[in-house]
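All values below come from the heavy atoms of this structure, side chains included, with hydrogens, waters and symmetry mates left out. Quick caveat, the model's predicted, so the values are computed rather than measured.
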Amino acid sequence: MEPMDIVGKSKEDVSLPKATMFKIIKEMLPPDVRVARDAQDLLVECCVEFINLISSESNEVCSREEKRTIAPEHVLKALEVLGFGEYIEEVYAAYEQHKLETLDSPKAGKWASGAEMTEEEALAEQQRMFAEARARMNGGVNAQKPVEAEQGMDS
């Protein structure tokens with residue numbers, strides 16, 4: 001694959017946020033080391049190319065297993081196939097840490113603890129969501145049916 005040869009994407013469409021990348025580069029180096037702008041740009045391009053390489057190989061691993069969704073194990077296998085086996089343990093540890101952090105994050109919100117809901121709580125949440133959806137479909141007019149009436153009819 002040619003550098004930046006991504007189906008339907010131009011070089012400008014496929015990049016990483018430069019400010020974030022520059023911050024990462026700066027944090028990785030001693031404070032007295034400066035990096036020329038051209039070198040920073042080159043590092044960003046290297047990162048993009050590395051991601052393309054790993055993504056492509058992960059897709060091939062996934063395809064060989066006749067799967068349609070690339071899973072973490074496909075990415076780890078791709079690292080091994082491409083000769084980056086020495087990084088697998090560190091990458092897996094970072095992945096596990098990421099899972100823990102995202103599970104505890106505010107973005108995960110109520111869904112992170114959804115497995116802890118009782119059946120009654122889940123039913124009440126479902127009814128509330130249905131009512132909200134009905135209200136949105138009816139142009140904001142509250143067309144909510146009384147929950148007790150619906151439950152009484154089902155009994």
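- Looking only at distances, a side-chain donor or acceptor of Thr118 sits under 3.5 Å from a matching main-chain atom of Glu121.
- Nearest approach of Ala78 to Ile54, heavy atoms of both residues: CB-O, 4.0 Å.
- Across all non-hydrogen atoms, the minimal contact from Leu16 to Val48 is CG-CG2, 3.8 Å.
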In a table with atom names and distances, give each donor-acceptor pair under 3.5 Å that connects a side chain of residues 21-31 to protein atoms at least two apart or in another chain.
none

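- Cluster membership for Leu76 and Leu53, using ILVMFWY side-chain heavy atoms within less than 4.5 angstrom, is shared.
- A salt bridge links Glu57 with Arg64; the closest basic N to acidic carboxylate O contact falls under 4.0 Å.
- Checking side-chain atoms of Thr102 against main-chain N and O of His98 turns up a donor-acceptor pair under 3.5 Å.
- In the hydrophobic clustering of this structure, Leu42 does not group with Phe50; members are Ile, Leu, Val, Met, Phe, Trp, Tyr whose side-chain heavy atoms approach within less than 4.5 Å, directly or through other members.
- Within a 6.0 Å radius of CD in Glu86, more than 12 heavy atoms belonging to other residues, nucleotides or ligands are found.
- In terms of hydrophobic clustering, with Ile, Leu, Val, Met, Phe, Trp and Tyr side chains grouped at heavy-atom distances under 4.5 Å, Leu82 and Ile70 are assigned to a common cluster.
- When the side chains of ILVMFWY residues are joined at heavy-atom separations under 4.5 Å, either directly or via intervening members, Ile88 and Val61 end up in two distinct hydrophobic clusters.
- Within 6.0 Å of CD in Glu119 there are 12 or fewer heavy atoms belonging to other residues, nucleotides or ligands.
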